[in-house]
> 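The structure's right below; bear with me while I get my questions together.
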Amino acid sequence: MSKVLVINPILYTAETNRIPRVDSIKDTMIYTMCLGFLRAGHEVTLIAAEDYRPVRGEKYDFPVLWFRTVWRRLFMPRCFPYMPAIRTYLRDHKEYDIIVTSEVFATWSFTAARVAPEKTVIWHELAAYNHMLHQIPAKVWYRFVAGGLMRRARVAPRSEEAGAFIRRFMPRVEAEPIDHGVDLEKFPVSENGERDACFAVVSQLIPRKRIAHTIEAFDSFVKAGHGAYVLHVIGGGEEEMFLRQLVRRLGLEEKVTFHGKLSHEKLLPLVAASKALLVSTEKDNNMVSIVESIALGTPVVTTSVPYNAAYIRREELGIVEDGWSADALARIVSENDRYVSNCLAYRDRLSNVACAGRFLALVE
């Protein structure tokens with residue numbers, strides 16, 4: 001049995017410096033990842049930023065330590081938090097066998113790489129420079145801080161693109177990416193394999209997600225003779241009113257349902273019953289919603305933007321096509337059985353337990 005420390009201060013995405021407060025963190029990607037270590041028979045502890053602590057008390061399956069962020073105007077908690085107490089904690093707690101941190105361009109990863117480089121594995125997602133302050137801090141960090149002061153730490157990329165990017169600066173980058181894991185116990189697959197005449201969108205309703213494009217493509221699909229189909233839009237955001245008006249203008253009120261933000265318990269059955277998850281994003285990294293959809297056996301229609309697109313295309317887990325249209329929806333429906341079978345064959349590779357095992361193998 002190993003002792004694992006996971007340092008992931010940012011638990012969920014905040015589009016502005018006003019971090020939204022949530023009731024629970026148990027649906028977050030990193031909590032699921034920690035459960036993978038636990039269910040693989042290891043002890044795990046999670047360090048997160050105090051700014052992301054839920055508004056109500058929760059009982060967790062493993063210790064969660066909340067660290068205070070400082071100098072918040074310079075080190076904004078939503079994207080680049082600084083928690084100096086992590087250094088003291090690492091120096092005082094040498095019992096961990098592996099320290100998994102998130103991102104190379106991060107103060108906490110720098111601290112771990114300096115205090116315990118032989119134990120540190122940086123789980124890296126970004127495949128481009130961070131846009132903060134015209135990319136200048138990121139360019140300096142990758143070239144001089146990461147390339148000079150963090151070289152002894154291992155890096156596990158989350159995608160092929162992330163791996164290609166970070167190899168330009170750091171020498172110990174693993175060849176095989178480790179994607180976001182999912183708790184397969186929470187992702188049951190229908191025994192009969194039957195799916196409804198529907199599609200699903202799981203997303204923030206914000207401009208870069210291009211939900212309007214998805215709705216317009218769905219409208220063309222319906223008008224091309226697929227009138228039995230409906231679209232589930234799951235999520236909330238600033239564009240919701242605009243998107244509702246678009247649906248009314250297209251006459252799709254009976255075909256498109258806005259569910260708002262849903263818990264996993266309510267969300268998963270809708271995705272599992274769908275012919276495909278639809279993604280039109282113009283800016284994203286690895287998308288957890290895509291991983292979860294594949295784990296349910298539900299194919300994905302997506303642009304090439306998400307880093308998940310590489311293995312979706314390679315393993316034929318759906319359709320990858322920039323500016324996809326009603327034609328892509330027709331194709332995913334006509335060959336749905338094949339795509340679903342491919343997803344079910346691939347899903348075990350997305351298990352959080354399997355991902356945890358791959359991390360531990362790096363330091364054994």
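Note that the structure is a prediction, hence the values are computed from the model and not measured. Along the sequence shown, the residues carry numbers beginning at 1.
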> Using only atom types and a distance under 3.5 Å, with no angle test, would you say the side chain of Asp322 pairs donor to acceptor with the backbone of Ser304?
yes
> Is the backbone of His180 close enough, under 3.5 Å, to the side chain of Trp123 for a donor and an acceptor to pair up by distance?
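Looks like no, no N/O pair under 3.5 Å.
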> Using modelled atom types and a 3.5 Å cut-off, is there a donor and acceptor pairing between side-chain atoms of Ser351 and backbone atoms of Asp348?
no
> Taking the ring centre of each residue, are Tyr31 and Phe62 less than 6.0 Å apart?
yes
> Considering the options Arg210, Lys209, His213, which one meets the side chain to side chain donor-acceptor pair (under 3.5 Å) requirement together with Ser280?
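Only match with Ser280 under side chain to side chain donor-acceptor pair (under 3.5 Å): His213.
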> More than 12 foreign heavy atoms under 6.0 Å from CZ of Arg208: is that the case here?
yes
> Asp51 pairs by salt bridge (Lys or Arg N to Asp or Glu O under 4.0 Å) with which of Arg78, Arg72, Arg21, Arg18?
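Among the candidates, only Arg72 passes.
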> Can you list the steps and then say if Met287 with Ser293 is a side-chain contact (heavy atoms from CB on, under 4.5 Å)?
CA-CA 10 Å; Met287 293 180 63; Ser293 180; over 6 Å; no
> Just checking Tyr311 against Tyr307, ring centres under 6.0 Å apart?
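No; Tyr307 has its ring centre 6.0 Å or more from that of Tyr311.
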> Would you name the heavy atoms of Ile99 and Ile7 that are closest together and state the gap between them?
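For Ile99 versus Ile7, the nearest heavy atoms are CG2-CD1, 3.9 Å.
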> Are the aromatic rings of Tyr129 and Phe105 close, with centres under 6.0 Å apart?
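Ring centres of Phe105 and Tyr129 not closer than 6.0 Å.
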> What class does the angle between the rings of Tyr89 and His93 fall in, given that below 30° is parallel, 30 to 60° is tilted and above 60° is perpendicular?
parallel
> Report the C-alpha separation of Thr111 and Leu90 in whole Å, then their side-chain angles, then the decisive distance to 0.1 Å, and conclude whether the side-chain contact (heavy atoms from CB on, under 4.5 Å) test is met.
CA-CA 9 Å; Thr111 299; Leu90 292 179; 4.1 Å; yes
